[in-house]
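A short write-up of the structure that comes next.
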2 protein chains.
Amino acid sequence: MSLDHILLGMLHEPASGYDLKQEFERSVRHFWFAELSQIYPALKRLEDRGLLQSTVVPSSRGPERRVFETTEDGTKALEEWLRDEPIIAQDRLAYLAQLFFMGKLEDLSETEGFMERLRGMMATRLAILQAIEAEWMGAIGVAGDGLTEIEDDRVFHMYTTLRMGIHSLRSRVEWCDETLNAIRERRARAATRDETEVTRA
Amino acid sequence: MSLDHILLGMLHEPASGYDLKQEFERSVRHFWFAELSQIYPALKRLEDRGLLQSTVVPSSRGPERRVFETTEDGTKALEEWLRDEPIIAQDRLAYLAQLFFMGKLEDLSETEGFMERLRGMMATRLAILQAIEAEWMGAIGVAGDGLTEIEDDRVFHMYTTLRMGIHSLRSRVEWCDETLNAIRERRARAATRDETEVTRA
DNA sequence: GACCCCATGTAAAGGGTTACATGATTTA
DNA sequence: TAAATCATGTAACCCTTTACATGGGGTC
């Protein structure tokens, strides 16, 4: 299971479930999401299987913390997963399903509105990733091509996943634009046809 | 739930669960996937909720077929869903998670192999979608820009989803290439550095 | 006779979301 | 004193995957 391996990957240094949730939001949010209510039992499972071990430590503020660290078996399991074939899951894109059947509404202005809202959402996400990229590049003091100028190999790997998000969202925005153009052309043509008919009548 | 609505969308004419599975493979496979064992109970649920009704009919070959058709309520439910906001689910891209942590292997050739295999998979999928597009364009006898030349609005809607798949996979392949180039540059640089050190020693 | 396609399902297990419960400390 | 943050969890439900069960008809 991927969540388990992501948790193993994040535990290069000891951390609690709560810490790991923060880390999720900070660093892998663009390709994975997990609720706390999913993380806690996952950590317990991993400990039961001997891939993690935990100790309870008092917290400076708030209740006690259960802090996990990787065992040797945990590291082995992670490396095995990293050497696996690329895991590609089935896409399930509900908004494409909506669009696919939207012809049934027999009103292209519905589709136009839908695509405009979709474009907005995609563009917002793209802007967020680009801001993260800019911030990163600033932090490491890199000006030109991040991919070749990054020193650290670990940072390089992380950065490539951000690049994927940017490529992907850019292509989605482009697709929205292509589609919106086509819709507008179709609507314009339909309007002209109607006018001609009205004039003729 | 989206599966339910996709089934409603597909039932413009009466069909059995088995038929609908074929239809899944034929027409929405690039953005949705469902097992038969998921489709049968889904149809039952929809019938219980009054959005579908079914009749059992004998089959020319094999066992009896349970054929479903939409009710008025079913059509209403579908249209409501179509008028909803675009539904964007959380992406969960396991292969990006693998890549994100792959620096831990401390061997860029592992990453290179991984990215080559990933590129292969993406390119294969892209080729499949492009073949479908070509076939389609041939079938409707359209030569130039499909999006504006398609007559039927329903066909237009379906075609846009195929275009999304093509855009998306093309951008993934491009990202793989960008990443592979960067990896090769890094490896070349590392090799040069090693040589210099060997010469010096 | 073996195998594939037609056709319908159930059952168990895995993975994810939403809601609920609890309670301490810090900040406005 | 109210709200936010720290911190850990459980429970119910929903969706998906995998495995199992059944049996007729046609083809090699």
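Heavy atoms only: backbone and side chains are in, while hydrogens, waters and symmetry mates are out. Here the structure is a predicted model, which is why all the values come from computation and not from measurement. Proteins come first, then strands; the chains are lettered A, B, ... in the order of their sequence lines, and each starts at number 1.
Here A:Lys21 pairs with A:Glu25 in a salt bridge; the nearest charged N to carboxylate O distance falls below 4.0 Å.
In this entry the distance linking CG of A:Leu43 with P of D:dA7 reads 15 Å, nearest Å. Nucleotide C:dC5 holds its P atom 23 Å from the CD atom of B:Glu64, rounded to whole Å. One interatomic measurement links the two molecules: CE of B:Met1 to C1' of D:dC14, which rounds to 8 Å at whole-angstrom precision. B:Phe33 places its CZ atom 14 Å from the C1' atom of D:dC15, with the value rounded to the nearest Å. Distance, A:Leu7 CG to C:dG15 C1': 13 Å, rounded to whole Å. One atom, CG of A:Asp91, and another, C1' of D:dC15, lie 17 Å apart when rounded to the nearest Å. Rounded to whole Å, the distance from CG on B:Leu20 to P on C:dG9 is 12 Å. The separation between B:Tyr40 atom OH and C:dA11 atom P is 16 Å, rounded to whole Å.
Taking only side-chain nitrogens and oxygens, B:Arg65 comes nearer than 4.0 Å to OP1 or OP2 of C:dA7. Remark: B:Lys44 is not in phosphate contact with C:dT8, judged by side-chain N or O atoms under 4.0 Å from OP1 or OP2. Proximity of B:Lys21 to the phosphate of C:dA7: no side-chain N or O atom is located under 4.0 Å from OP1 or OP2. Applying the 4.0 Å criterion to OP1 and OP2 of D:dC14, one finds that B:Arg45 has every side-chain N and O outside that range. For C:dT17, the OP1/OP2 oxygens have a side-chain nitrogen or oxygen of B:Arg92 closer than 4.0 Å.
A cation-pi arrangement is absent between B:Arg29 and B:Phe24, since the terminal nitrogen or guanidinium carbon is not both under 6.0 Å from the aromatic centre and inside a 45° cone about the axis. A cation-pi arrangement is absent between A:Arg92 and B:Phe33 under the rule of less than 6.0 angstrom and at most 45 degrees off the ring axis.
Each of B:Pro41 and B:Gln22 lies near DNA chain C, and the nucleotide nearest B:Gln22 is the one positioned closer to the 5' end.
Residues A:Ile87 and A:Trp81 have side chains in contact (heavy-atom distance under 4.5 Å, counting atoms from C-beta outward). Taking 4.5 Å as the limit, some side-chain heavy atom of B:Leu8 sits within range of a side-chain heavy atom of B:Thr70.
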Going 5' to 3' through nucleotides 18-25 of chain D and flagging B where a protein heavy-atom sits under 4.0 Å of the base, S where only the sugar-phosphate is that close, and - otherwise, we get BB---B-S
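Once rounded to the nearest 0.5 Å, the distance linking CG of A:Leu96 with CZ of B:Phe31 reads 6.0 Å.
Checked by atom type, the side-chain pair A:Arg66/A:Ser16 shows no donor-acceptor distance below 3.5 Å.
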